[in-house]
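Just so it is clear, the model here is predicted, and its values are computed rather than measured. One-based numbering, in listed order, for ligands and for the atoms of each.
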Amino acid sequence: MTLELQMIGTGSAFAKTYFNNNALLRDGDYTLLIDCGVTAPLALHRLGKSFSDVDAVLITHIHADHVGGLEELAFKMKYTYKRKIKLYIAESLASLLWEHSLKGGLYQAREITRLEDLFEVCPLAADQPYSISENIKVELIPTKHIPGKSSYSLYINDRIFYSSDMVYNPELLKHLTEKRGCKMILHECQLEGHGEVHTTLDELKRLPEEIRGMIYLMHYGDNKDEYLDQTEGMTFMEQGRIYKL
Ligand SMILES: O=c1ccn([C@@H]2O[C@@H]3COP(=O)(O)O[C@H]3[C@H]2O)c(=O)[nH]1
Ligand SMILES: [Zn+2]
Ligand SMILES: [Zn+2]
């Protein structure tokens, strides 16, 4: 079965010409939303879609470009579509997501007091594969992003690495490609400046050619087009395009 990946956004946190870096991963009729940032509702709308098309959501970490659309998702599911979808999230992040991010907007005395009142919460342990649908298997890989805060990359079906937000980690990319059969790398990419909490394009350019050939760049800034001929064989992911995996 061929999976389809469609980035509803490919932008960095504060990009304005691209939506937040969130994705739809489709397995036939089943649709997993990977991260749900502030711009996710509008991004879906622009593609002629809505949260009614989503069967489950997976969260990589708690930044607004990855979770800021969950309040709308939760309210729409509860009051409009009247269904509780699965929320896949690292066990270390579930209570933080509620207490530090969603409770302020979603809490309603008696009716909505916990994340479980809105979602079927599926806590994921790191470094273990989970079956999400018939043909989607996901493993969370803890990766460094913000000091002192947990953040996760995804390893999908033992062949696709989805970095989400992370600092440069060439050893991990080498390990995945050399020892774990990784064939495709969807990697965040900061175009300019120092990669204090992200991975820069200059850092990715240092990788061996055979790894660069597997890399699709995402989470980039508004001026991506200035870098089209400076990627050393890496490919910019296009927002909205459907990729067959
Ligand atoms: O120590 C910090 C923490 C945060 N930030 C900015 O806030 C953004 C939050 O979302 P993001 O993780 O996609 O990108 C982050 C950066 O743009 C930063 O530059 N340095
Ligand atoms: Zn981000
Ligand atoms: Zn982040």
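Tested against H198, the residues E203, Q190, E188 include a single side-chain hydrogen bond (donor to acceptor under 3.5 Å, both in side chains) partner, E188. Shown are T60, N20, N22, N21; of these, the side-chain hydrogen bond (donor to acceptor under 3.5 Å, both in side chains) with D35 is made only by T60.
Side-chain contact annotation: Q6 with R26, donor-acceptor N/O pair under 3.5 Å present.
Checked against the Zn ion (ligand 3), the N, O or S atom of H63 at the shortest distance is ND1. Atom OD2 is the N, O or S atom of D65 at the shortest distance from the Zn ion (ligand 2). Between the Zn ion (ligand 3) and the N, O or S atoms of D165, the shortest distance is to OD2. Distances from the Zn ion (ligand 2) to the N/O/S atoms of H219 are shortest for NE2. Residue-level check: among N/O/S atoms of H66, NE2 sits closest to the Zn ion (ligand 2).
Checking N20, I146, D65, I62 against atom 13 (O) of ligand 1, the nearest heavy atom belongs to D65.
Within the 4.0 Å heavy-atom shell around ligand 1 one does not find E188.
Of the protein's non-hydrogen atoms, F14 CE1, 3.5 Å is the one closest to atom 17 (O) of ligand 1. Protein heavy atom in closest approach to atom 14 (O) of ligand 1: H198 NE2, 2.8 Å. Protein heavy atom closest to atom 5 (N) of ligand 1, with residue, atom name and distance, is V197 CG2, 4.4 Å.
When ring centroids are compared, H66 and H219 come within the 6.0 Å threshold. Checked against a 6.0 Å centroid threshold, the rings of Y220 and Y18 count as neighbours. In summary, the aromatic rings of F236 and Y216 are positioned with their centroids too far apart to meet the 6.0 Å limit.
Atoms of ligand 1 lying under 4.0 Å from any heavy atom of H145, numbered from 1 in the order shown and given with element: 12 (O).
The part of H219 lying near ligand 1 is the side chain, judged by heavy-atom distances below 4.0 Å.
To the nearest 0.5 Å, atom CH2 of residue W98 and atom CZ of residue R114 are 10.0 Å apart. To the nearest 0.5 Å, atom CG of residue D55 and atom CG of residue L33 are 10.5 Å apart.
If you put the vertex on the Zn ion (ligand 3), NE2 of H61 and NE2 of H145 sit 110° apart, to the nearest 10°.
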Legend entry - K76 vs E72, salt bridge (Lys or Arg N to Asp or Glu O under 4.0 Å): CA-CA, chis, key distance, verdict: CA-CA 6 Å; K76 290 287 276 190; E72 180 167 333; 5.8 Å; no
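Distances between N or O atoms of H61 and those of ligand 1 include no value under 3.5 Å.
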